[in-house]
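Have a look at the structure below, then the notes.
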Amino acid sequence: MKSKEICCIGAGYVGGPTMSVIANNCPNYNITVVDSNESRISEWNGPVNDLPIYEPGLKEIIAKVRGKNLVFSNEVENSIKKADVIFIAVNTPTKTHGEGKGMAADLTNIEKCAKLIAESSSSGKIIVEKSTAPVGTGKKIKSVLNKENSKVKFQIVSNPEFLAEGTAINDLMNPDRVLIGGEQSEEGHKAVNTIADIYRQWLPENKIILTNLWSSELSKLASNAFLAQRISSINSLSALCEKTGAKIDEVSKSVGMDSRIGSKFLQPSVGFGGSCFKKDILNLVYLSRYYGLQEIAEYWESVLKINDYQKSRFYDKIQNTLSKTENPTVSIFGWAFKKNTNDSRESASIEITRKLLNNNFTVKVYDPMVKEKTIIKDLQDVLNNKLNKLTVCSSAEKALKDSHAICILTEWDEFKAMNFKNLSSLMKEPILFLDGRNIISDNKLNRTFKKFMSIDK
Ligand code: NAD
Ligand code: UGA
């Protein structure tokens, strides 16, 4: 088979791992991953133990394919020029200004890519929308391309990504499905098939779903909304459990054993984090309002309200218990939004710590993977004189020394294995234990601990 040239714009949590797995499974394809962030590209080209993204299994694949059929480069225009297929995997954050501020997806990065592709192309190309974007984005990309370059034929394909961080490599190697949406024309079908051919190198046909452009775009938003909705549903019940005699673990297990409901994504928590659930639901809410569907907008908005409520409840427990303590000190265990990633975007730890610092608590943070500079950057809107009350610690023991409360906010395996009965001797009375991930079994605690999301008798 003739080698195919692929370019991926965006070397982030999606672009990096996705292209590594494609390169590993498709030796006949040459892949160049480009990014406007030069230091990110040099990190991708640096030692495999210090890649910009921590993802189990990633460094082994990079070591195998980098410099062979996978290249990380700053030469954006050149890479676009020689590519047959271009994946757009840039970030699509919530808008911070203009119409739709705080709700709609900001498509500036995608539009910039479309413009650059149009300017740099002299031969036909398939443009793949890998970023998560609202319904209609594919059409928008096409209109930018056609306006800026009428000489070249472009086909737009939507191929949303469903990987979850921390399990990205396995999710890419063994996905539940790969979704590819295209235009309903002969050329559109051909383009969809060209993209499906990439995945056919390692996946069976029944895992590949072919749809139209709009179904593909909406299915991605819908999938994230459904997942987040399950977490908010179980979290809403955790509040009820704390008022009654019910235990949330028992409720979650009983509900999840109904095969029609299923057990996944029913783990109660301090609230979901990550860069996507909130932004994608806001996007869905905005889209519903745009089409005059007020009730639908409110329905999905409530998923976010419960998530905020859960984080507030968690903070209130600390505040209420330690309100009379002198120089109250809190240990935050975990900064990443989930285990096995160094990503802290929208992590519950940020909001809880921000509130603690703004209310004069002393905070000691420990995370096995997130760097100190990231933690400080995440708190940049906290006043400088409050930041004096923050210490980022290099071990769990250092973080616990002389503190009054432990808050487990990431489900790192390291925390699950800890003996908190022994560790509590490093702490000061009153001792508060808040397990925001519900990972520590009761028999590992003694009676001086209070537990979030279970009855405290
Ligand atoms: P990210 O911020 O980690 O990476 C995006 C990269 O794109 C950045 O390195 C940025 O410098 C680069 N970029 C932005 N504009 C550019 C431009 N004009 N030219 C060149 N480079 C540019 O983002 P991510 O987490 O990889 O997410 C990317 C998209 O994938 C988003 O739409 C997100 O919703 C979606 N998604 C993310 C995940 C996830 O787990 N992170 C999973 C599925 C889908
Ligand atoms: C999520 C989806 O799972 C992916 O399919 C999707 O591709 C991705 O968003 C995206 O579009 O960005 P991710 O955010 O990486 O992936 O991680 P999840 O495993 O979904 O966890 C998200 C948050 O929910 C974490 O804070 C996690 O701790 C929390 N969570 C998850 C719970 O509180 N309870 C659960 O039962 C499951």
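For ligands, and for the atoms within them, numbers begin at 1 and follow the listed sequence. In what follows, every heavy atom counts, from backbone to side chain, and hydrogens, waters and symmetry copies are set aside.
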Specify whether [X] and [Y] have parallel, tilted or perpendicular ring planes, treating 30° as the upper limit for parallel and 60° as the lower limit for perpendicular.
| X | Y | result |
| --- | --- | --- |
| Phe361 | Tyr315 | perpendicular |
| Trp300 | Phe226 | tilted |
| Phe277 | Phe272 | perpendicular |

In Å, rounded to the nearest 0.5 Å, how long is the span from [atom1] of [X] to [atom2] of [Y]?
| X | Y | atom1 | atom2 | value |
| --- | --- | --- | --- | --- |
| Leu434 | Ile318 | CG | CD1 | 5.5 Å |
| Tyr54 | Met369 | OH | CE | 4.5 Å |
| Ile86 | Ser79 | CD1 | OG | 9.0 Å |
| Lys311 | Ser349 | NZ | OG | 10.0 Å |
| Asp84 | Ser123 | CG | OG | 7.0 Å |

Should the pair Arg177 and Phe162 be classed as cation-pi, given the thresholds of under 6.0 Å to the six-membered ring centre and 45° from the axis?
yes
Sort out the contact shell of ligand 1: every protein residue with a heavy-atom distance below 4.0 Å, listed by chain and number.
Ile9, Gly10, Gly12, Tyr13, Val14, Asp35, Ser36, Asn37, Arg40, Ala89, Val90, Asn91, Thr92, Asn109, Lys112, Cys113, Ser131, Thr132, Glu161, Leu163, Glu165, Lys220, Cys276, Lys279, Arg345
Are any protein N/O atoms closer than 3.5 Å to the N/O atoms of ligand 2? If there are, list each pair with names and the distance to one decimal place.
unit_1, atom_1, unit_2, atom_2, d
ligand 2, 5 (O), Phe162, O, 2.8
ligand 2, 7 (O), Glu161, O, 3.4
ligand 2, 7 (O), Phe162, O, 3.2
ligand 2, 7 (O), Leu163, O, 2.7
ligand 2, 7 (O), Lys220, NZ, 2.9
ligand 2, 11 (O), Lys220, NZ, 2.8
ligand 2, 11 (O), Asn224, ND2, 2.8
ligand 2, 15 (O), Glu165, N, 2.8
ligand 2, 17 (O), Lys338, NZ, 3.3
ligand 2, 19 (O), Lys338, NZ, 2.8
ligand 2, 26 (O), Gly273, N, 3.0
ligand 2, 26 (O), Phe337, O, 2.8
ligand 2, 28 (O), Arg437, NH1, 2.7
ligand 2, 33 (O), Ser269, OG, 2.6
ligand 2, 34 (N), Gln267, O, 2.9
ligand 2, 36 (O), Leu266, N, 3.4
ligand 2, 36 (O), Gln267, N, 2.9

